[in-house]
Protein chains: 2
Amino acid sequence: MKRGPQRSLEPQAVLDAALELIDAGGLTMRALAARVGLTPGALYTYFPDRAAIVSALADRLLGEADLRLLEDRDREADARIVAYSLDLRRVLMRHPAAVPAILGAAFQGPVALRVGESLLAALPDARAAYAVMVYVLGAIALEAAEAGEGEVPPEAERVAARRAAFAVDPGEFPRTHAAAGQIAAYISTEQFRWGLERVLAGLRA
Amino acid sequence: MKRGPQRSLEPQAVLDAALELIDAGGLTMRALAARVGLTPGALYTYFPDRAAIVSALADRLLGEADLRLLEDRDREADARIVAYSLDLRRVLMRHPAAVPAILGAAFQGPVALRVGESLLAALPDARAAYAVMVYVLGAIALEAAEAGEGEVPPEAERVAARRAAFAVDPGEFPRTHAAAGQIAAYISTEQFRWGLERVLAGLRA
DNA sequence: ACCTGAACACCGTTCAAGT
DNA sequence: ACCTGAACACCGTTCAAGT
């Protein structure tokens, strides 16, 4: 048996609290310490700095999407890519305030490598695989920016709110005005899937 | 003639200084005030808060890309979209540290509306136009995250650095290992253009 | 209206000292 | 090794008072 002082928490418990705080709109070292019952300085025995916490959080969220959807050998490659991307979007849109931090962390953790390897199995042209990553992460980033922090309302509600808020001068922006209904639906699952399928079709051609 | 007290600076001068600070890696109200020769509190007569400065900066940077490239009637629509997107990428990659803030500001300013209207003229299907926006902004966001802050080195140098830094276990990640050379080139202009052309092809099909 | 000086309520990080 | 208490060097924003 080991002796001596022990951590009062697992690093995972610190990350749990960090995710709750980032969702609520303010991840600070002081708030995080208070949440887990420590002094701010004590956090630095768990993680070297705040950026390391954000990186660990990014990898953990990425790991919550179901990778088996991408690896399922019984389905066609593009269908697997679409299914996994939809699941990743579902996971990340539960934590919109964390998305910018995740984009910044640049997906370099251990889980990200596994996802990349599986994506290359489904789409062996590395350039094409990157284009898919760009579309998927770009779409999620734009939606997350729109959602802001806190609880994300149901999709239908968000689209309706966009429709109501979207009013431009028909004289100056005729096409934008005419397309307002479609523009409100940009953040819908249907638009995400349609765009991804079109992107994949272009890359396979 | 108007009388009374006058602003000692134009709001544009404040934004100039703000852009320099964000490029250098730290836009703070205090640093900004010092740069323009004011007290921090005085900035609040120019902009209501820090977020308003970032939004104004986003719209201003968007305005630096040459919209005529998108509107030029003598060229084919897709060629115009590619030319404008390349110019936008060039402008934003001069200020990589500003890109996350710009994504967050969600492109809602007056210039963004004009760009959207012109994009719809070139690509009337609003869903397709949004998919193009997603690809272009997503690609720029991922490249900017990689570049970090400060001066961005020439592209060839950045690709070489990525190639040197990129080493994964060939046993665990065979496809990633085999594609390392291509993965290093993800941030190249050629990859950006190739991906955009494939995306456009898929959307037109 | 514009600006200063000063304050309020915060930050991330470090570090001597304790166990 | 883990943690506290206290400090250091910062933040964004507000506001009475001056011009």
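What you see is a predicted model, and the numbers here were worked out from it, not measured in a lab. A, B, ... follow the sequence lines: proteins, then strands. Residue 1 opens every chain.
For B:Ala180, the side chain to side chain contact (heavy atoms under 4.5 Å, CB included) partners are B:Phe166, not counting sequence neighbours. The salt bridge (charged side-chain N to carboxylate O under 4.0 Å, His left out) check on B:Glu190 picks up nothing, with sequence neighbours excluded. Contacts of A:Tyr46 classified as ring pair (Phe, Tyr, Trp, His ring centres under 6.0 Å), with partners at least two apart in sequence or in another chain: none.
Near DNA chain C, meaning a heavy atom under 4.0 Å away, the residues from residues 35-52 of chain B are B:Leu38, B:Thr39, B:Gly41, B:Ala42, B:Thr45, B:Tyr46. A heavy atom closer than 4.0 Å to some atom of DNA chain C occurs in A:Leu27, A:Thr28, A:Met29, A:Arg30, these being the qualifying members of residues 23-32 of chain A.
For A:Tyr135 and B:Tyr135, the ring centers are positioned 6.0 Å apart or more.
In this structure, A:Arg89 satisfies the cation-pi test against A:Phe192, with its NZ or CZ atom closer than 6.0 Å to the six-membered ring centre and inside 45 degrees of the ring normal.
Salt-bridge check for B:Glu20 with B:Arg35: passed, with a basic side-chain N closer than 4.0 Å to an acidic carboxylate O. Between A:Arg162 and A:Glu146 a salt bridge is recorded (basic side-chain N to carboxylate O distance below 4.0 Å).
One finds a side-chain N or O of A:Ser8 lying less than 4.0 angstrom from the OP1 or OP2 phosphate oxygen of D:dC3.
Taken from CD1 in A:Ile187 to CG in A:Leu142, the straight-line distance is 11.5 Å, to the nearest 0.5 Å.
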- request: Check the pair A:Arg50 / A:Thr28 against side chain to side chain donor-acceptor pair (under 3.5 Å), numbers first and verdict last.
  value: CA-CA 8 Å; A:Arg50 189 184 182 282; A:Thr28 72; over 6 Å; no
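A donor-acceptor contact under 3.5 angstrom links the side chains of A:Glu155 and A:Thr189, judged on distance only.
Between the P atoms of D:dA9 and C:dA9, the separation comes to 23 Å (whole Å).
Between the P atom of D:dG12 and the CG atom of B:Leu21 lies a distance of 11 Å, rounded to the nearest Å.
Helical stems in DNA chain D, defined as runs of 3 or more consecutive Watson-Crick or G-U wobble pairs with donor-acceptor distances under 3.5 Å: C:4-8 with D:12-16, C:12-16 with D:4-8.
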